[in-house]
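Presented below is the structure to which this report refers.
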Amino acid sequence: MSGGFPEAAARALADAQLRRNLGKATSTIRAKRLATVAELPDWDALRDAGEAIKARTMATLPEQLERLEAAVTRAGGVVHWARDGAEANAIVARIARDHRSDEVIKVKSLATDEIGMNEALAARGIRAIETDLAELIVQLAHDKQSHILVPAIHKNRAEIRTLFERTIAKGQQLGDEASAIAEAARLHLREKFLTVPVAVSGANFGIAETGTVMVVESEGNGRMCVTLPEVLVTVMGIEKVLPEWRDLEVFLQLLPRSSTAERMNPYTSMWTGVRPGDGPQEFHLVLLDGGRSDVLADETGRQALHCIRCSACLNVCPVYARTGGQSYDSVYPGPIGAILSPQLFGLERHATLPWASSLCGACFEACPVKIDIPSVLVHLRAKVIREQRKRLDPERLAMAGLARVFASRARYERAQRLARGGNGPLGRLGGRVPGLSGWTAMRELPDVPEQTFRDWWRERRAG
Amino acid sequence: LRVALFITCFNDTLFPNTGKAVVELLERLGCEVDVPLEQTCCGQMHFNSGYADEGLALARRFERVFADCDAIVSPSASCTGMVRDHCPQIAGRVHELTEFLVDTLGVVDVGASFPHRVTLHPTCHSLRVLHLGDRPLRLLEAVQGIDLVALEDAEECCGFGGTFAVKNADTSMAMLSDKLRRILDTRAEVCTAADTSCLMHIGGALRRQRAGVRTLHLAEILAATE
């Protein structure tokens, strides 16, 4: 990842079709979300409650996870602890092999995308089949996700039709109707639901009190996965635990309205261990750390773990709406990705992401659990700058020079005088800065005026 | 009422007319204005760019300079936000100009007259950091002769974001061109805002395009008696 976000974004911006698709999709969902949220007079109180529950959960995370483990075990499930993605993937592969299956069906899950589970299973000869329509599209196209909720948001209908025709529809012509295209996916998936013995899911929430695990979705394909196979494996990030069953009252109002702008999502599946004669007869819960404990140690950064993956911040972000998700080079794109990816996967690897924002604050305003994304971005910027302290780039030198200028009135006023001739650190602020070509490509720089405000003020007072 | 003007380094050096307008406006409304000349920069640029140590040191310095002032007024929403968040000793005494006019002085009609077609870009920090709400709009609506036109997608960022406009120049330009299109759609002669930095960004592009639309800080309209 050489040029990081700015370069990837520039490439995406050149794609006019992508910009139109994204602009249209995000502005539609933005308006819908505002309307749905406005229906609830206590929306802001709900957000406060969501934030408070998440903060309390994080403060007592070890305890909540042990409660969850005990409750799941009591209900007949098996709990596994995975320090990282490799451990989690190995556990899932072992379970599939124990059941002599070379296929697993998958509920849409960001946690498993995060740890590259499909690839890890493929390396062990096990095929993971995505059953969420958008995930299936991404998988069949060997593409990458571009949105948390709608991973194929960057693809239009014609592209999807062509893709299905040469893959799951096996050459059959599908026509222009959305229903015909969806039918091809339906036929392909139904066979898998009925024959593959192992399913893998993620989790929106896991309730420590009862051991209940839960997935919310729109299509019902997730419901098929968690009910039909013999074995169900859930990979859940440890931050997804909620202390009590009643906490769902808050989150089941916050999530669908923020996510799809619906009052209620079409399918909410909950399962508590196993029950003879009903659903999967074997249930495994894999609790994934994957860097989360380290994030928890950062007092400012830890609120990123409060995220309930609604994607409201993506939909309102003016940067995301123009660059699309793939520019963020992570399964977590958009504003939340810009604070999660550097923390989970390494500041060095994602060093440009904290700057992929104008700090406009639209994300913070939309976030259902009030994650102060702009503040975390600024916090991460400072971390990157501190880590690169030894590097002597022009920006660092300029910033050091300006800090010296601003630290003294005499130096500041001298710099103002120099600026009038276009010289000195402040003169360069108003013009002729190397590396400002991006600015001057589209905008004029302001002329440095003959008289500063303070000179005018002094003159006026003397006068 | 004695008022200490927090002019901001940006206006002081590059946009003195904004400061002059604030002084004229406040004096017209009966305030006694002082400009502490020890002030330089509040540290926002450093802090938001990741130079936290430098930014916070400047914020400390700023706090000392204004320590004895009762009411501190600034024509910049984003600089006011920085001071409010990072200068706890004086945070409660710092007012953004429109807050000061509407809340402290209790005036909406400031006796201005500006017979031109104007559109307001509400700016991100005005909206989402300071929560200025409709204060800027109410002040403008009371200006005599003004033809105020609503800006579509007004609440969306213009793409400035300080160093964002340089570090992510392509994305910034994409955001700016959409903002420009909205401004030109209004057929306004003047685009105004409560922050000069956004206006520098927008105005720089309007000038490049020779669009015939000027940018003016809100204070300059409120001070006008054309």
Side-chain angles (χ1 to χ4, degrees), chain A residues 5-6 9-10 13 19 318-319 322-323 352 354-362 364-365 378-386 395 399-400 402-403 405-409 412 416 419 426 429-430 433 435-439 441-446 448-449 451-458 460, chain B residues 7 9 11-20 23 35 37-41 43 45-55 57-58 61 124-125 127-129 155-178 200-201 203-205 207-208:
Chain A
F5 183 84
L13 285 163
R19 260 171 89 179
V319 174
R322 289 170 181 82
T323 66
T352 56
W355 280 271
S357 162
S358 64
L359 305 180
C360 85
F364 182 21
E365 191 180 53
V378 169
H379 171 72
L380 295 175
R381 290 177 184 185
K383 271 186 133 168
V384 173
I385 296 290
R386 234 170 265 140
E395 178 193 296
M399 286 293 187
L402 282 171
V405 165
F406 290 139
S408 127
R409 172 180 168 185
Y412 172 68
Q416 284 185 321
L426 289 183
L429 201 67
V433 188
L436 256 192
S437 55
W439 177 279
M442 186 169 168
R443 322 161 184 89
E444 301 290 333
L445 285 159
V448 180
Q451 194 182 35
T452 62
F453 169 75
R454 63 177 57 217
D455 285 342
W456 171 82
W457 174 257
R458 271 188 289 239
R460 184 172 183 262
Chain B
I7 180 63
C9 59
N11 286 319
D12 184 11
T13 309
L14 292 174
F15 297 95
N17 287 343
T18 300
K20 293 179 205 171
V23 172
V35 181
L37 289 173
E38 272 301 312
Q39 65 177 301
T40 56
C41 171
M45 184 188 67
H46 282 92
F47 187 79
N48 280 353
S49 305
Y51 296 83
D53 299 338
E54 293 86 343
L58 289 172
R61 183 184 182 281
C124 302
H125 287 189
L127 285 170
R128 289 178 284 264
V129 175
E155 303 196 348
E156 193 162 286
C157 179
C158 69
F160 177 58
T163 45
F164 174 77
V166 177
K167 281 182 183 275
N168 282 284
D170 297 285
T171 309
S172 169
M173 278 194 275
M175 290 159 72
L176 177 57
S177 44
D178 289 338
M200 178 181 81
H201 184 235
R207 268 167 63 201
R208 169 64 55 87

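Naming: A, B, ... by sequence-line order, numbering from 1 per chain. FYI, side chains are in, hydrogens and waters are out, and symmetry mates aren't considered; it's all heavy atoms of this structure.
- Atoms OG1 and CZ, from A:Thr452 and B:Phe15 in turn, are 14.0 Å apart once rounded to the nearest 0.5 Å.
- Residue contact with chain A, scored on non-hydrogen atoms closer than 4.5 Å, involves the backbone and the side chain of B:Glu38 alike.
- Distance check, rounded to the nearest 0.5 Å: OH of A:Tyr412 to SG of B:Cys9 gives 5.5 Å.
- Contact record, B:Met200 with A:Pro446: SD-CG, 3.5 Å, taken as the closest heavy-atom pair.
- Closest of all the heavy-atom pairs between B:Asn48 and A:Arg381 is O-NH1, 2.7 Å.
- Looking at B:His46, its side chain does come within 3.5 Å of a backbone N or O of A:Met399 through a donor-acceptor pair.
- In terms of heavy-atom pairs under 4.5 Å with chain B, the best-connected choice from A:Ala400, A:Pro354, A:Ser408 is A:Ser408.
- Taking B:Gln39, B:Lys167, B:Glu156, B:Glu54 one by one and counting their heavy-atom pairs under 4.5 Å with chain A, the maximum is reached by B:Lys167.
- Within the 4.5 angstrom heavy-atom criterion, only side-chain atoms of B:Arg61, from C-beta onward, approach chain A.
- Nearest approach of B:Gly19 to A:Phe453, heavy atoms of both residues: C-CE1, 3.3 Å.
- With a 4.5 angstrom heavy-atom cutoff, A:Val319 touches chain B via backbone and side-chain atoms both.
- Between chain A and the options B:Ala57, B:Cys124, B:Gly204, the largest number of non-hydrogen pairs under 4.5 Å is found for B:Gly204.
- Of the atoms belonging to B:Ser49, heavy atoms from both backbone and side chain fall under 4.5 Å from chain A.
- Closest of all the heavy-atom pairs between A:Ala9 and B:Thr171 is CB-OG1, 3.6 Å.
- The closest side-chain heavy-atom distance from B:Ser177 to A:Met442 is below 4.5 Å.
- Residue A:Trp457 touches chain B through its side chain alone, counting heavy-atom pairs closer than 4.5 Å.
- Checked by atom type, the side-chain pair B:Thr13/A:Arg454 shows no donor-acceptor distance below 3.5 Å.
- When heavy atoms are compared at a cutoff of 4.5 Å, B:Leu37 approaches chain A by way of both its backbone and its side chain.
- Chosen from A:Glu444, A:Arg19, A:Glu395, the residue pairing most often with chain B at heavy-atom distances under 4.5 Å is A:Glu444.
- Using a 4.5 Å cut-off between heavy atoms, B:Val23 contacts chain A through its side chain alone, with no backbone atom that close.
- Residue B:Asn17: no heavy atom, backbone or side chain, is found under 4.5 Å from chain A.
- Under a 3.5 Å cut-off, the side chain of B:Arg128 and the backbone N or O of A:Glu365 do not form any donor-acceptor pair.
- Side-chain atoms of A:Ser358 do not come within 3.5 Å of backbone N or O of B:Gly161 as any donor-acceptor pair.
- Contact detail for B:Phe164 and A:Trp355: the closest heavy-atom pair is CD1-O, 3.5 Å.
- Minimum heavy-atom separation, A:Arg443 to B:Ala205: CB-N, 3.8 Å.
- Residue B:Glu155 places its CD atom among 12 or fewer non-hydrogen atoms of other residues, nucleotides or ligands, all under 6.0 Å distant.
- Ranked by heavy-atom pairs under 4.5 Å with chain B, the list A:Gln416, A:Lys383, A:His379, A:Arg322 is led by A:Arg322.
- Not a single donor-acceptor pair under 3.5 Å links the side chain of B:Asp170 to the backbone N or O of A:Leu13.
- Per-residue counts of heavy-atom pairs under 4.5 Å with chain A were compared for B:Val35, B:Leu58, B:Asp53, B:Ile7; the largest is that of B:Val35.
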